[in-house]
Every structure is written in C-alpha cells, then in structure tokens.
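Naming: A, B, ... by sequence-line order, numbering from 1 per chain.
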Number of protein chains: 2
Amino acid sequence: MQAGTKGTELVKFFFALSEPIRLEIIRALLSAKELCVCQIVQAFGLSQPKVSFHMRVLREADLVLWKRRGRWVYYRLNLENPMLRAVLPFIEEGMEVSKIQTTACEVGP
Amino acid sequence: MQAGTKGTELVKFFFALSEPIRLEIIRALLSAKELCVCQIVQAFGLSQPKVSFHMRVLREADLVLWKRRGRWVYYRLNLENPMLRAVLPFIEEGMEVSKIQTTACEVGP
DNA sequence: AGCTTGCATAAAAATAATTTTATATGAAAT
DNA sequence: ATTTCATATAAAATTATTTTTATGCAAGCT
C-alpha cells in the first residue's frame with residue numbers, strides 16, 4: 001500500500017483486513033468489548049511492538065478506536081464504520097458462537 | 001499474504017481488494033459486463049503481464065470468473081460471491097453513475 | 001505447416017510490508 | 001524525583017509483493 005494512493009480509504013480498509021493476525025485481533029475484539037494491548041499480547045503470544053504495529057494499521061483504517069486509561073491503552077471495534085459492519089458477518093463466520101460478543105463484559109487489568 | 005495461512009479464503013478476499021489497480025479493475029468490470037485482458041491493458045495503460053498478474057490474484061480470491069473465447073480471455077465479476085456483493089456498494093461509491101453497469105453491453109474485439 | 005495474436009506464467013529486479021531490536025513517552029507508584 | 005510499567009514509535013533486518021523482462025502456449029490465420 002504505497003503512499004500517495006488514490007481512493008485510499010477503501011484500499012486501507014481492505015488492506016487492514018488482509019492479514020491473518022489483524023483478522024484474529026478483530027475477532028478477539030468482537031468477543032471482548034474492548035482489549036488493552038497487553039491482553040492481545042498475551043492472548044496471541046505476540047511481541048508488544050508487533051501488536052502495536054498492527055493496531056496502528058487497524059486504527060489508520062478506521063477499524064478500531066482507542067482510548068488511554070491510566071497506563072493502559074484500550075482498543076475496541078469502530079462499529080460506526082459501515083464497511084466494517086458490512087463485512088463483520090463474514091469475519092464472524094467460523095468463530096465459535098460462545099466467543100461472539102452479545103453483551104458487554106468486564107475485561108482487562 | 002504468506003503461504004500456509006489459516007482462514008485463507010477471507011484473507012485472500014481482502015487482500016485482493018487491497019490494491020488500487022485491482023480495485024479499479026473491479027470497478028471497470030462493474031461498468032462493463034465483461035472485459036478481455038487487452039481491453040483492460042488499453043483502458044488503464046498497463047502492461048499485459050501486469051494485468052495478468054492482478055487478474056490471477058482476483059481469480060484466486062474468487063472475485064472474478066474467466067472464460068476463453070477464441071484467442072481472448074474474458075473476465076467478469078463473480079457476483080455469486082456473497083462477500084463481494086456485500087462490499088460492492090462501497091466500491092461503487094464515488095464511481096460516476098454513468099459508469100455503473102445497469103444493463104448488459106456489447107464489449108470487446 | 002509456419003506465422004501471428006492474445007494471454008498465461010516464470011525468473012529476475014524493484015519495491016513495500018512485516019518483524020525484530022532498540023528507544024522514547026506518558027502515567028502511576030515508591 | 002526517580003523508578004517502573006504499558007505502550008508507542010524509530011531503525012534495521014527480514015520477508016512478501018509487485019513490476020519488469022523473457023518465454024511458452026493455445027487459437028486462429030495464411
């Protein structure tokens with residue numbers, strides 16, 4: 001996804017979702033209302049900079065929102081994004097039903 | 001999109017759409033019922049192997065169907081793909097209305 | 001059959017994305 | 001004020017994708 005690309009928004013959107021780790025993070029965020037970086041790090045056994053890198057891609061594609069609370073940074077899906085909403089059913093597909101978020105849940109440190 | 005990836009189908013789908021040239025080809029196929037490679041080459045001023053490369057990515061993501069007729073190979077959108085159908089409205093967005101296919105049209109050599 | 005056209009594919013070269021390693025920042029704790 | 005923790009960001013190293021260049025193949029023409 002080189003710089004100066006036209007139609008960037010759409011390209012960024014698809015690009016962000018075209019990576020297995022990022023898709024898994026999206027799925028995790030679908031199950032948990034929100035997650036801080038350390039939870040994602042632990043859940044997937046990834047390095048922290050790696051997770052931060054991918055979260056940035058997701059952020060810049062407008063797929064997630066973030067908020068700092070104390071020392072932690074929490075990420076959650078940007079469900080206001082209509083494109084995300086359009087593809088979520090396909091991302092959910094194959095997920096265990098039990099893992100799909102139906103109600104808010106307490107998470108995190 | 002490294003080899004041996006899990007959840008390949010979805011990743012391939014998003015990956016195929018995460019590239020400006022491929023998105024433009026999708027848009028062109030939306031306007032023209034079907035296009036042969038030489039038409040895409042001419043329409044965008046791309047080299048033939050480049051177009052073939054991108055068409056293969058689109059094929060392997062199940063986004064397009066192809067058929068040889070004589071010496072020409074024609075590509076068209078795989079509108080049976082439900083994921084493609086889900087995102088098409090967003091891909092159309094910003095396209096000139098006049099370019100959006102409403103009826104079949106005669107194209108090609 | 002031999003030529004030409006349209007296209008796929010392979011190999012090499014160029015470019016871009018990801019991962020790792022190292023460092024910086026903001027917030028709380030001591 | 002210093003230290004510690006959680007995380008972002010930068011730089012370097014690695015890996016993947018894209019582009020270019022070269023070649024091969026199928027189909028029609030002469």
### Task
Map S47(A) and G70(A) onto DNA chain C by nearest heavy atom, then report which one ends up closer to the 5' terminus.
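Looking at DNA chain C, the more 5' nearest nucleotide goes with S47(A).
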### Query
Given that R56(B) and P49(A) both sit by DNA chain C, which one's nearest nucleotide is further toward the 5' end?
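Per heavy-atom nearest nucleotide, the more 5' residue is R56(B).
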Protein-nucleotide distance ([X], atom [atom1]; [N], atom [atom2]), rounded to Å:
X: L58(A); N: dA8(D); atom1: CG; atom2: P; answer: 12 Å
X: K67(A); N: dG26(C); atom1: NZ; atom2: C1'; answer: 18 Å
X: E60(B); N: dA8(C); atom1: CD; atom2: P; answer: 12 Å
X: E19(A); N: dA16(C); atom1: CD; atom2: P; answer: 19 Å
X: F53(B); N: dA13(C); atom1: CZ; atom2: P; answer: 18 Å
X: H54(A); N: dT9(D); atom1: NE2; atom2: C1'; answer: 15 Å
X: K50(A); N: dT14(D); atom1: NZ; atom2: C1'; answer: 12 Å
X: I40(A); N: dT7(D); atom1: CD1; atom2: C1'; answer: 12 Å

Protein-nucleic acid N or O pairs under 3.5 Å, nucleotides 3-7 of chain C:
from: dT5(C); atom 1: O4'; to: R71(B); atom 2: NH1; distance (Å): 3.2
from: dC7(C); atom 1: OP1; to: V37(B); atom 2: N; distance (Å): 3.2
from: dC7(C); atom 1: OP2; to: C38(B); atom 2: N; distance (Å): 2.7

### Task
Please name all residues satisfying salt bridge (Lys or Arg N to Asp or Glu O under 4.0 Å) with R69(B), sequence neighbours left out, ordered by chain then number.
E34(B)
#### Entry: Partners passing salt bridge (Lys or Arg N to Asp or Glu O under 4.0 Å) against R56(A) (at least two apart in sequence or in another chain)
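Partners of R56(A) under the salt bridge (Lys or Arg N to Asp or Glu O under 4.0 Å) test: E60(A).
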### Message
Could you work out, with side chain to side chain donor-acceptor pair (under 3.5 Å) as the rule, every residue matching S52(B), not counting sequence neighbours?
### Response
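Residues passing side chain to side chain donor-acceptor pair (under 3.5 Å) with S52(B): Q48(B).
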### Short side-chain N/O contact from R22(B) to OP1 or OP2 of dT18(D), under 4.0 Å
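Answer yes for this pair, as a side-chain N or O of R22(B) is under 4.0 Å from OP1 or OP2.
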### Query
Taking a hydrophobic cluster as the set of Ile, Leu, Val, Met, Phe, Trp and Tyr residues connected by side-chain heavy atoms closer than 4.5 Å, whether directly or through intermediates, do V51(B) and L65(B) fall within one such cluster?
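No; L65(B) is not reachable from V51(B) via cluster members.
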### Query
Contact class for I21(A) vs. all strands (heavy atom < 4.0 Å): base, sugar-phosphate, or nothing?
sugar-phosphate
### Message
Does R59(A) reach a base, just sugar-phosphate, or nothing at all? Heavy atoms under 4.0 Å.
### Response
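The residue R59(A) makes sugar-phosphate contact but no base contact.
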### Task
Can you sort out the partners of F53(B) under side chain to side chain contact (heavy atoms under 4.5 Å, CB included), two or more places apart, ordered by chain and number?
R22(B), V57(B)
Going by atom type alone, with no hydrogens or angles, which donor-acceptor pairs under 3.5 Å involve a side-chain atom of residues 79-86 of chain A and a protein atom two or more places apart or on another chain?
from: N81(A); atom 1: OD1; to: M83(A); atom 2: N; distance (Å): 2.8
from: N81(A); atom 1: OD1; to: L84(A); atom 2: N; distance (Å): 3.2
from: N81(A); atom 1: ND2; to: D62(A); atom 2: O; distance (Å): 3.2
from: R85(A); atom 1: NH1; to: L79(A); atom 2: O; distance (Å): 2.8

### Query
Judged by atom type as modelled, is there a donor-acceptor pair below 3.5 Å linking the side chain of Q39(A) to the main-chain atoms of C36(A)?
yes
